[in-house]
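All ligand and atom numbering here is 1-based and tracks the order in the structure. The analysis underlying the following values was restricted to heavy atoms, covering all of them including side chains, and did not include hydrogens, waters or symmetry mates.
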Amino acid sequence: MNILAIESSCDETSAAVLAGDEVRSNIVSSQFFHGRFGGVVPELASRAHLKAISAIVSEALSKAGIGMEEIAAVAVTNQPGLVGSLIVGTNFAKGLALRYGLPIVPVNHIDGHIYSGCLQDNSVKFPFVALVVSGGHTVIFLVESYNEYRVLGTTRDDAAGEAFDKVATLIGLDYPGGPLIDKFASDGNPKKYDFPRSMIHSGNYEFSFSGLKTAVKYFLAKEFPSGVPCEAIPDLCASVQSAIVDVLVSKTITAALEYKVEHIVVGGGVSANSALRSQIVAMAEKKRIKVILPAMGYCIDNAAMIGFVAQRKLSEADVYDFTDLSFRVNANTIRKKKRSELH
Ligand code: KG4
Ligand code: ZN
């Protein structure tokens, strides 16, 4: 079945065409201009989606070599996300569904991230443990089937990606800081500075990253009162990255052992982090657990992962279950903050 999938929940406009599980095209247009505001500006994001979406969908169809008449269903992210951004994608998808008489499958963005690794490696076995780490979410799930999952733990304050971004801002790096911390960390010593691994021994799957930001803030004020010198940046980045990754890996492996799963999947923007990727694979290997990681192109928000989830939903239900055009968008919990709100 050919599916056209659309994703516009935050600051990426994306469209993909899937033939079964094969990704025939996955076009992603990132709104880099938000960097100068220190965070995603919702109103500008929705306007940019509106400008881009028609061309992105056309490009996805033409790259796949598939016309609208060969599409069997439309899939679209309807939650969570920025409301204005979600409205652009869902309304565009509804318009196509109406025009071509197609079923429309609303998909939860977090489900997309859970299965983003399966686009490359579909060997995942239920039940499995999923770590979803992005700018708005840090959640460990026990996934029992495509329709059933349990939240084992989530963050009490900042998400992991938010922690990367906030600390990067304190160090003086641009937004979003996660990829920059990762880059500088490759030349640094992760043991140079000892930052807190909050809740690592809490005995549950909850996280807290706001203390790390405060610890770094006071540390920088004391050690580098007149600003962080360039030569200190790699060690700082490596030490911060290690503090975040240690907690993520430790809790995810503990969950996998407690629930005796054979597989762990990781998804969300932070799953691009090189230390997280190597550390979780190394730790899991020792426990004979397989880790499924998304290809780098599927770590960021993308429509292919939305199409993958829609294929599952369509295969498990009647196509007539997806004729309702009145479904709503839901902002839910995604959080994106401006630089001025980061401290
Ligand atoms: O999933 P995503 O693209 O958007 C949200 O749904 O939030 O995640 C974006 C987050 C940002 O906080 C960004 O700094 C972080 O993912 N990120 C990284 C890396 N690449 C992106 N964090 C650490 N290391 C990276 N390589
Ligand atoms: Zn996301």
Side-chain angles (χ1 to χ4, degrees), residues 5 7-14 28-32 34-35 38-40 42 45 77-82 85-86 89 107-117 130-139 154-155 158-171 173-186 188 190 209 212-213 237-249 266-280 293-306 309 331-339 341-342:
E7 153 67 42
S8 69
S9 64
C10 192
D11 54 348
E12 263 90 28
T13 318
S14 180
V28 180
S29 163
S30 297
Q31 302 173 359
F32 294 113
H34 294 289
V40 178
T77 305
N78 75 316
Q79 61 175 325
L82 301 171
S85 294
L86 288 165
V107 174
N108 185 302
H109 182 77
I110 304 300
D111 282 0
H113 278 310
I114 291 177
Y115 294 101
S116 56
L131 171 70
V132 176
V133 260
S134 69
H137 296 87
T138 302
V139 193
T154 182
T155 180
D158 296 348
E162 203 178 349
F164 271 109
D165 296 339
K166 285 177 171 179
V167 171
T169 304
L170 293 172
I171 295 173
L173 304 176
D174 285 344
Y175 178 91
L180 294 171
I181 289 195
D182 192 354
K183 185 167 155 271
F184 283 111
S186 61
F209 292 108
L212 173 65
K213 169 200 65 189
C237 289
S239 302
V240 162
Q241 176 173 272
S242 161
I244 296 173
V245 168
D246 280 356
V247 186
L248 294 174
V249 172
V266 187
V270 181
S271 65
N273 184 266
S274 52
L276 173 60
R277 294 172 82 91
S278 58
Q279 215 167 301
I280 201 161
L293 292 164
M296 291 308 250
Y298 296 139
C299 294
I300 57 165
D301 292 346
N302 67 87
M305 65 184 192
I306 303 304
V309 174
N332 207 343
T333 54
I334 202 163
R335 281 181 289 149
K336 285 279 181 183
K337 291 182 182 169
K338 288 197 207 172
R339 188 196 292 269
E341 296 170 296
L342 291 180

Participant: Indicate yes or no: does an N/O atom of Glu12 lie under 3.5 Å from an N/O atom of ligand 1?
Facilitator: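 Between Glu12 and ligand 1, no N or O pair is found under 3.5 Å apart.
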
Participant: Using modelled atom types and a 3.5 Å cut-off, is there a donor and acceptor pairing between side-chain atoms of Asp182 and backbone atoms of Ser274?
Facilitator: yes

Participant: Counting N and O atoms only, with roles assigned by atom type, does the side chain of Glu7 sit under 3.5 Å from a partner on the main chain of Ser14, one being a donor and the other an acceptor?
Facilitator: no

Participant: Give yes if a backbone or side-chain nitrogen or oxygen of Gly135 is under 3.5 Å from a nitrogen or oxygen of ligand 1, and no if not.
Facilitator: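 Between Gly135 and ligand 1, an N or O pair is found under 3.5 Å apart.
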
Participant: Just give me the atom name: the N, O or S atom of Asp301 closest to the Zn ion (ligand 2).
Facilitator: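 The nearest such atom is OD1.
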
Participant: Asp165 heavy atoms, cut-off 4.0 Å: which ligand 1 atoms fall inside?
Facilitator: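 Counting atoms of ligand 1 from 1, those under 4.0 Å from Asp165 are 11 (C), 12 (O), 13 (C), 14 (O).
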
Participant: Just jot down the ligand 1 atoms closer than 4.0 angstrom to any heavy atom of Gly178, in number order.
Facilitator: 14 (O), 18 (C), 19 (C), 22 (N), 23 (C), 24 (N), 25 (C)

Participant: Is a side-chain N or O of Ser134 found less than 3.5 angstrom from the main chain of Gly136, in a donor-acceptor match?
Facilitator: yes

Participant: Under a 4.5 Å cut-off applied to non-hydrogen side-chain atoms, are Tyr175 and Val40 in contact?
Facilitator: yes

Participant: Could you tell me which atoms of ligand 1, counted from 1 in the order shown, lie closer than 4.0 angstrom to a heavy atom of His113?
Facilitator: 1 (O)

Participant: Is the backbone of Gly267 close enough, under 3.5 Å, to the side chain of Ser116 for a donor and an acceptor to pair up by distance?
Facilitator: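 Judged by distance alone, no pair lies under 3.5 Å.
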
Participant: Show me which atoms of ligand 1 lie under 4.0 Å from any heavy atom of Gly161.
Facilitator: 12 (O)

Participant: With a cut-off of 2.8 Å, does His109 place any N/O/S atom under that distance from the Zn ion (ligand 2)?
Facilitator: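 Within the cut-off used here (under 2.8 Å), His109 does place an N, O or S atom near the Zn ion (ligand 2).
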
Participant: Have a look at His113 and say which of its N, O or S atoms is nearest the Zn ion (ligand 2).
Facilitator: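 Considering only N, O and S atoms, His113 comes nearest to the Zn ion (ligand 2) through NE2.
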
Participant: Donor-acceptor check, side chain of Asn108 to backbone of Pro80, threshold 3.5 angstrom: yes or no?
Facilitator: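 No, because the side chain of Asn108 does not come within donor-acceptor range (under 3.5 Å) of the backbone of Pro80.
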
Participant: Without swapping roles, check the side chain of Ser8 against the backbone of Ser85 for a donor-acceptor pair under 3.5 Å.
Facilitator: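 Pair found, side chain donor or acceptor close to backbone of Ser85.
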
Participant: What is the minimum heavy-atom distance between His113 and Asp301, and which atoms define it?
Facilitator: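 Minimum heavy-atom contact is NE2-OD1, 3.0 Å.
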
Participant: Which residue from Gly269, Ser9, Ser274 reaches closest to atom 1 (O) of ligand 1 through any of its heavy atoms?
Facilitator: Gly269

Participant: I need the atoms of ligand 1 closer than 4.0 Å to a non-hydrogen atom of Gly136, numbered in the order shown.
Facilitator: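 Those atoms are 7 (O).
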
Participant: Is ligand 1 less than 4.0 angstrom away from at least one heavy atom of Cys10?
Facilitator: no

